[in-house]
Amino acid sequence: MTDIATEETNRLIASNKVEGTTVYNRGGEKLGSIYNFMVDKRSGKAEYAVLQFGGLFGLGSDYYPLPWDMLTYETEHGGYVVDLDKTLLEKAPRYAADAEPEFDRTYGQSVYGHYGMNYPF
């Protein structure tokens, strides 16, 4: 059995506890869950949370990279909250499970640009 204290503190959380966490919009509507997150190898900074959205029971879902800084963890929801609605999300850059993109600068600019943010990397 894993010791919870080694997986979560007031400020830090282990990656295996982030994956699967529900993501809601500000209206409390469930958008999906965190599939994984992408971390810059050199800086160690999380760049994207990849949201699994759509499909049924995970089948036919697409994966939507969200700029990490868009997410806020809210204890009352027991998950992450983002300030966007499904309409904007449905038009966002995404990929299928068998077609992961090249997470390069051009792709990053398109993801961040979709959400009105400057790509900082």
*Asks:* Applying the 4.5 Å side-chain criterion to the ILVMFWY set and letting contacts propagate, would V81 and L89 be lumped into a single cluster?
*Replies:*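 No, no single cluster joins them.
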*Asks:* Measure the OG-OH distance between S33 and Y35 for me, rounded to the nearest 0.5 Å.
*Replies:*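 The distance works out to 10.5 Å.
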*Asks:* Between Y48 and F103, is the ring centroid distance below 6.0 Å?
*Replies:*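 Centroid distance Y48-F103: below 6.0 Å, so yes.
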*Asks:* Write out all pairs satisfying salt bridge (charged side-chain N to carboxylate O under 4.0 Å, His left out) with one or both partners inside residues 94-116, taking only residues at least two apart or from two chains.
*Replies:*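 The answer is D62-R94.
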*Asks:* Determine the sole option in Y112, Y63, Y107, Y64 for which the side-chain contact (heavy atoms from CB on, under 4.5 Å) test with P93 is passed.
*Replies:*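 Result for side-chain contact (heavy atoms from CB on, under 4.5 Å) with P93: Y107.
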*Asks:* May I ask you to test the V23-F53 pair for a side-chain heavy-atom distance under 4.5 Å?
*Replies:*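 A side-chain contact is absent here, since even the closest heavy-atom pair is not under 4.5 Å.
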*Asks:* Is the backbone of Q109 close enough, under 3.5 Å, to the side chain of H114 for a donor and an acceptor to pair up by distance?
*Replies:*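 Between the backbone of Q109 and the side chain of H114 there is no qualifying donor-acceptor contact (under 3.5 Å).
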*Asks:* Would L66 and Y24 show up in the same hydrophobic cluster when neighbours are defined by side-chain heavy atoms closer than 4.5 Å?
*Replies:*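 No; tracing contacts between hydrophobic side chains, which count when under 4.5 Å, never links both residues.
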*Asks:* Can you tell me how far the CE atom of M70 sits from the CG atom of D83, to the nearest 0.5 Å?
*Replies:*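 The CG atom of D83 is 7.5 Å from CE of M70, to the nearest 0.5 Å.
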*Asks:* Of all heavy-atom pairs between Y115 and P65, which one has the smallest distance, and what is that distance?
*Replies:*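 Nearest pair, atom of Y115 first, then P65: CE1-O, 3.9 Å.
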*Asks:* Please confirm whether the backbone N or O of G27 pairs with a side-chain atom of N25, one donor and one acceptor, at under 3.5 Å?
*Replies:*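 Yes, the answer is positive, given that a donor and an acceptor are paired below the 3.5 Å cut-off.
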*Asks:* Rounded to the nearest 0.5 Å, what separation is found between the CG atom of L31 and the CG atom of L84?
*Replies:*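 With rounding to 0.5 Å, CG (L31) is 6.0 Å from CG (L84).
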*Asks:* In the structure I gave you, are the side-chain heavy atoms of K91 and K86 within less than 4.5 Å of one another anywhere?
*Replies:*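 No - every pair of side-chain heavy atoms lies 4.5 Å or more apart.
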*Asks:* Mind checking the CG-CD1 spacing from L71 to I34? Nearest 0.5 Å is all I need.
*Replies:*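 Output value for this atom pair is 5.0 Å.
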*Asks:* Would you say the ring centroid of F37 lies under 6.0 angstrom from that of W68?
*Replies:*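 So the answer is yes for these two rings.
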*Asks:* Flag the pair K41 and E47 as a salt bridge only when some basic side-chain nitrogen lies within less than 4.0 angstrom of an acidic carboxylate oxygen.
*Replies:*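 A salt bridge is absent here (no side-chain N lies under 4.0 Å from a carboxylate O).
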*Asks:* Test side chain to side chain contact (heavy atoms under 4.5 Å, CB included) on V111 and Y119; report intermediate values, then the result.
*Replies:* CA-CA 8 Å; V111 170; Y119 184 65; over 6 Å; no
*Asks:* Please round to the nearest 0.5 Å and tell me the distance separating atom OG1 of T72 and atom NE2 of H77.
*Replies:*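 With rounding to 0.5 Å, OG1 (T72) is 11.5 Å from NE2 (H77).
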*Asks:* Hey, is NZ on K45 packed in by over 12 heavy atoms from elsewhere, all under 6.0 Å?
*Replies:*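 Count over threshold, so yes.
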